[in-house]
Peer 1: 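Just dropping this structure here.
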Amino acid sequence: MLTGGPLDVLTGDYLAELTMLILGRDRLKNPDLGYARTFLRQLEEGLGLAHERGVRIVANAGGLNPAGLADAVRTLAAKTGVPVRVAHVEGDDLTAQVDGALTANAYLGGAGITACLRAGADVVVTGRVTDAALVSGPAAWWFDWAPDDHDRLAGAVAAGHVLECGTQATGGNYSFFARHDVRRPGFPLAEIAEDGSAVITKHPGTGGAVTAGTVTAQLLYETQGVRYFGPDVTTRLDTVGLTDEGADRVRISGVRGEAPPSTLKVGVTRIGGWRNEVVFVLTGLDIEAKANLVRIQLTDLLDGVADATWTLARTDHEDADTQETASALLRLVVRDPSPDRVGRALTSAAIELALGSYPGFHVTAPPGPAQPYGVFTATPIPSPEVPHTAVLPDGTRLPIPPAAPTSPAPQFPAPPAFEARGSGGGAPGGPPAGPTVRAPLGAVAGARSGDKGGDANVGVWAETGPAWDWLHRTLTVDAFRALLPETDGLPVTRHELPNLRALNFTVTGILGDGVASGHRFDPQAKALGEWLRARHLDIPVALLPAPEATP
């Protein structure tokens with residue numbers, strides 16, 4: 001990013017829910033740690049270059065110890081002879097106030113970052129801020145926005161949300177990846193304007209692509225509902241408009257903002273207990289009977305274990321021409337408050353069945369010890385109770401007041417639909433006429449999915465007006481549940497974003513206590529959207545792409 005073209009601010013997002021658990025365990029071993037050490041290694045290469053080019057660096061790599069990381073950056077700067085001014089943002093760490101917490105951190109907004117940059121900082125490191133704050137904070141500094149410039153801040157939050165996962169906005173993890181060369185996608189950047197609009201693009205000559213589709217996919221990623229609540233502003237996702245401005249240039253405009261809520265989200269991680277697993281390989285005939293035999297043989301061994309979950313994945317094929325494709329996987333996951341009950345004694349005993357169980361017995365890994373697992377929960381806290389503080393380059397501690405209390409939310413109409421190669425949509429029309437054919441949903445729709453604690457979201461979008469009309473009408477909550485039977489019995493909420501020709505589904509509780517504890521095959525729901533796209537339903541022939549001509 002520093003060498004590829006012009007840049008004013010370089011941002012880095014280092015924190016995820018699972019990362020906080022990892023950093024919490026680091027801090028238990030050494031109270032001086034708790035920050036992302038990879039940031040320092042990367043800074044060794046880039047700090048001098050950033051200083052030469054006048055690029056500010058803003059990163060949340062401070063994790064649980066932003067003050068410690070700020071000191072480490074100063075030490076590195078002195079060692080390399082680079083004269084930079086370093087500031088940090090703190091106050092998010094509320095661990096001491098939450099009983100039994102390994103970590104407890106409030107999601108701060110960008111105002112502390114803004115204050116540090118206004119004080120002349122070249123490098124700003126933070127603890128737990130919202131991912132988008134890494135962009136909205138610098139934008140507010142650059143344009144001197146006021147805290148109640150809600151529309152401008154909302155536009156910057158939308159841009160920040162697109163940038164936060166790097167190459168996911170330039171063709172990585174993209175449903176239609178085969179359309180572009182995504183072997184080495186370049187990182188995205190945002191050209192933010194004073195009115196809060198932005199152009200998402202990338203440096204010339206880098207791989208991947210920036211299209212209305214790649215931007216739409218990222219806008220839908222890990223969002224829940226039409227209102228995207230943040231510490232500085234509530235962003236109305238149903239007002240986001242996208243316009244294609246040429247090769248690798250997509251403009252985000254029309255974003256409306258409302259006052260933020262009066263509370264901040266606090267993410268809490270705890271050590272939930274100990275877990276272990278064994279994966280048995282079942283090959284050839286009688287798969288179900290073989291799996292049942294193993295379950296019966298281990299019944300006594302599992303007596304007293306707090307939780308034991310069996311999953312049989314029928315990856316086997318009939319009359320397969322390779323042994324691997326003739327095999328299924330039987331997975332046993334055990335969890336308990338005591339490491340002794342799910343430790344190596346249990347996994348060793350399971351593997352010692354080898355000479356007295358089903359024919360062809362083998363497993364995917366040798367017996368292993370129990371591993372601790374974490375539990376993630378989120379809770380609100382009144383904003384004034386969080387001591388959001390900017391520690392400026394000269395050491396001055398500047399308290400950051402909370403955003404103004406939420407006022408009655410104005411109701412903004414969605415911008416007019418447009419049908420250029422952006423994300424137009426509008427109200428659905430009549431159903432396409434003509435015959436239908438059984439085909440995968442992915443033939444006419446893209447999707448992206450992800451996790452928020454124990455919940456998952458699946459964003460689904462169409463690329464054309466007729467496909468959106470059909471998608472909006474067809475993919476109801478009942479249809480969604482029918483296509484994804486694992487969601488049966490769970491609360492599913494459908495949110496409509498016609499400007500993006502998109503539906504966003506929230507599935508509550510499908511991930512249990514979050515990624516750090518989950519035993520689900522896809523514990524962060526990253527591929528849930530691709531599973532949905534692979535499911536078949538009746539699709540109008542008129543919507544399907546024309547078959548490619550045979551050479």
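All residue numbers in this chain count up from 1 along the given sequence.
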Peer 1: If you look only at pairs with a residue in residues 91-101, which of them pass as a salt bridge (charged side-chain N to carboxylate O under 4.0 Å, His left out), with sequence neighbours excluded?
Peer 2: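 Salt bridge (charged side-chain N to carboxylate O under 4.0 Å, His left out) check on residues 91-101 returns Arg27-Asp93.
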Peer 1: Just jot down the side-chain hydrogen bond (donor to acceptor under 3.5 Å, both in side chains) partners of Gln224, sequence neighbours excluded, or say none.
Peer 2: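 Residues passing side-chain hydrogen bond (donor to acceptor under 3.5 Å, both in side chains) with Gln224: none at all.
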Peer 1: Quick one: list whatever passes ring pair (Phe, Tyr, Trp, His ring centres under 6.0 Å) with Phe176, sequence neighbours left out.
Peer 2: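 Phe176: ring pair (Phe, Tyr, Trp, His ring centres under 6.0 Å) contacts with Tyr174.
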Peer 1: Taking Thr214 for its side chain and Val210 for its backbone only, find out whether a donor-acceptor pair lies under 3.5 Å.
Peer 2: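 No; zero donor-acceptor contacts below 3.5 Å.
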Peer 1: Dump the intermediate steps for side chain to side chain contact (heavy atoms under 4.5 Å, CB included) on Thr19 and Leu21, then the final yes or no.
Peer 2: CA-CA 5 Å; Thr19 313; Leu21 179 79; over 6 Å; no
Peer 1: Inspect the surroundings of CH2 in Trp531 and state if more than 12 heavy atoms from other residues, nucleotides or ligands are less than 6.0 Å away.
Peer 2: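 It does: Trp531 CH2 has more than 12 such atoms within range.
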Peer 1: For residues 34-43, run the donor-acceptor check on the side chains, cut-off 3.5 Å, and write out each pair with its distance to 0.1 Å, sequence neighbours left out.
Peer 2:
from, atom 1, to, atom 2, distance (Å)
Gln42, OE1, Tyr14, OH, 2.4

Peer 1: Just to verify, what does Phe480 make a ring pair (Phe, Tyr, Trp, His ring centres under 6.0 Å) with, not counting sequence neighbours?
Peer 2: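 With neighbours one apart ignored, the set is Phe505.
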Peer 1: Before giving the answer on salt bridge (Lys or Arg N to Asp or Glu O under 4.0 Å), spell out for Glu496 and Arg494 the whole-Å C-alpha distance, their side-chain angles and the decisive distance to 0.1 Å.
Peer 2: CA-CA 7 Å; Glu496 300 178 8; Arg494 183 179 106 150; 2.7 Å; yes
Peer 1: Just checking, is any N or O donor in the side chain of Thr269 or Thr103 under 3.5 Å from an acceptor N or O on the other one?
Peer 2: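 Thr269 vs Thr103: donor-acceptor pair found between side chains.
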Peer 1: Please determine whether a side-chain nitrogen of the Lys or Arg among Lys452 and Glu17 lies less than 4.0 Å from a carboxylate oxygen of the Asp or Glu.
Peer 2: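 Salt bridge flag = no for Glu17 with Lys452.
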Peer 1: Arg85: which residues meet the side-chain hydrogen bond (donor to acceptor under 3.5 Å, both in side chains) condition with it, sequence neighbours left out?
Peer 2: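 Partners of Arg85 under the side-chain hydrogen bond (donor to acceptor under 3.5 Å, both in side chains) test: Asp122.
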Peer 1: Sub-3.5 Å donor-acceptor pair from the side chain of Thr234 to the main-chain atoms of Ala259, do we have one?
Peer 2: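 Yes, because the side chain of Thr234 sits within donor-acceptor range (under 3.5 Å) of the backbone of Ala259.
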Peer 1: What residue pairs, at least two apart or across chains, pass salt bridge (charged side-chain N to carboxylate O under 4.0 Å, His left out) with a residue in residues 48-68?
Peer 2: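 Matches after skipping sequence neighbours: none remain.
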Peer 1: Can Arg118 and Asp144 be counted as an ion pair, charged N to O under 4.0 angstrom?
Peer 2: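 Asp144 and Arg118: salt-bridged.
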Peer 1: According to the salt bridge (charged side-chain N to carboxylate O under 4.0 Å, His left out) rule, which pairs have a member within residues 124-136, sequence neighbours left out?
Peer 2: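 Listed by first then second residue: Arg128-Asp131.
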Peer 1: Begin from the C-alpha positions of Asp32 and Asn65 and carry the test side-chain hydrogen bond (donor to acceptor under 3.5 Å, both in side chains) through to its verdict.
Peer 2: CA-CA 8 Å; Asp32 293 331; Asn65 188 7; 5.8 Å; no
Peer 1: Residues in ring pair (Phe, Tyr, Trp, His ring centres under 6.0 Å) with His388, at least two apart?
Peer 2: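 If we apply the ring pair (Phe, Tyr, Trp, His ring centres under 6.0 Å) test to His388, skipping adjacent residues, there are no hits.
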Peer 1: Using the salt bridge (Lys or Arg N to Asp or Glu O under 4.0 Å) rule, take Lys526 and Glu222 through it: C-alpha gap first, then chi angles, then the decisive distance, then the call.
Peer 2: CA-CA 10 Å; Lys526 301 302 184 186; Glu222 293 182 346; 3.0 Å; yes
Peer 1: Is there a donor-acceptor pair under 3.5 Å between the side chain of Thr396 and the backbone N or O of Leu392?
Peer 2: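 Answer holds: no.
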Peer 1: Please tabulate, one pair per line, all N/O donor-acceptor pairs under 3.5 Å involving side-chain atoms of residues 178-202, not counting sequence neighbours.
Peer 2:
from, atom 1, to, atom 2, distance (Å)
Arg179, NH1, Glu463, OE1, 3.4
Arg179, NH1, Glu463, OE2, 2.7
Arg179, NH2, Glu463, OE1, 2.7
Asp181, OD1, Arg183, N, 3.2
Asp181, OD1, Arg183, NE, 2.9
Asp181, OD2, Arg183, NH2, 2.8
Glu191, OE1, Arg249, NH1, 3.4
Glu191, OE1, Arg249, NH2, 2.8
Glu191, OE2, Arg249, NH1, 3.2
Glu194, OE2, Arg152, NE, 3.3
Asp195, OD1, Ser197, N, 2.9
Asp195, OD1, Ser197, OG, 2.6
Thr201, OG1, Asp248, O, 2.8
Lys202, NZ, Thr206, O, 2.4
Lys202, NZ, Thr206, OG1, 3.3
Lys202, NZ, Gly207, O, 3.4

Peer 1: Under the side chain to side chain contact (heavy atoms under 4.5 Å, CB included) rule, what do Leu532 and Leu441 come out as? Steps first, then yes or no, please.
Peer 2: CA-CA 7 Å; Leu532 178 66; Leu441 177 62; 3.8 Å; yes
Peer 1: What closest approach, in Å, do Leu220 and Val460 show between heavy atoms, and which atom pair accounts for it?
Peer 2: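 Looking at all heavy atoms of both residues, the shortest contact is CD1-N, 4.0 Å.
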Peer 1: Under the side-chain hydrogen bond (donor to acceptor under 3.5 Å, both in side chains) definition, can you give me all pairs with a residue in residues 453-462, not counting sequence neighbours?
Peer 2: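 Qualifying pairs: Asn457-Asn504.
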Peer 1: My understanding is that only residues two or more places apart in sequence, or in another chain, count here; which of them pass ring pair (Phe, Tyr, Trp, His ring centres under 6.0 Å) with Trp145?
Peer 2: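 Per chain and number, Trp145 pairs via ring pair (Phe, Tyr, Trp, His ring centres under 6.0 Å) with Phe143.
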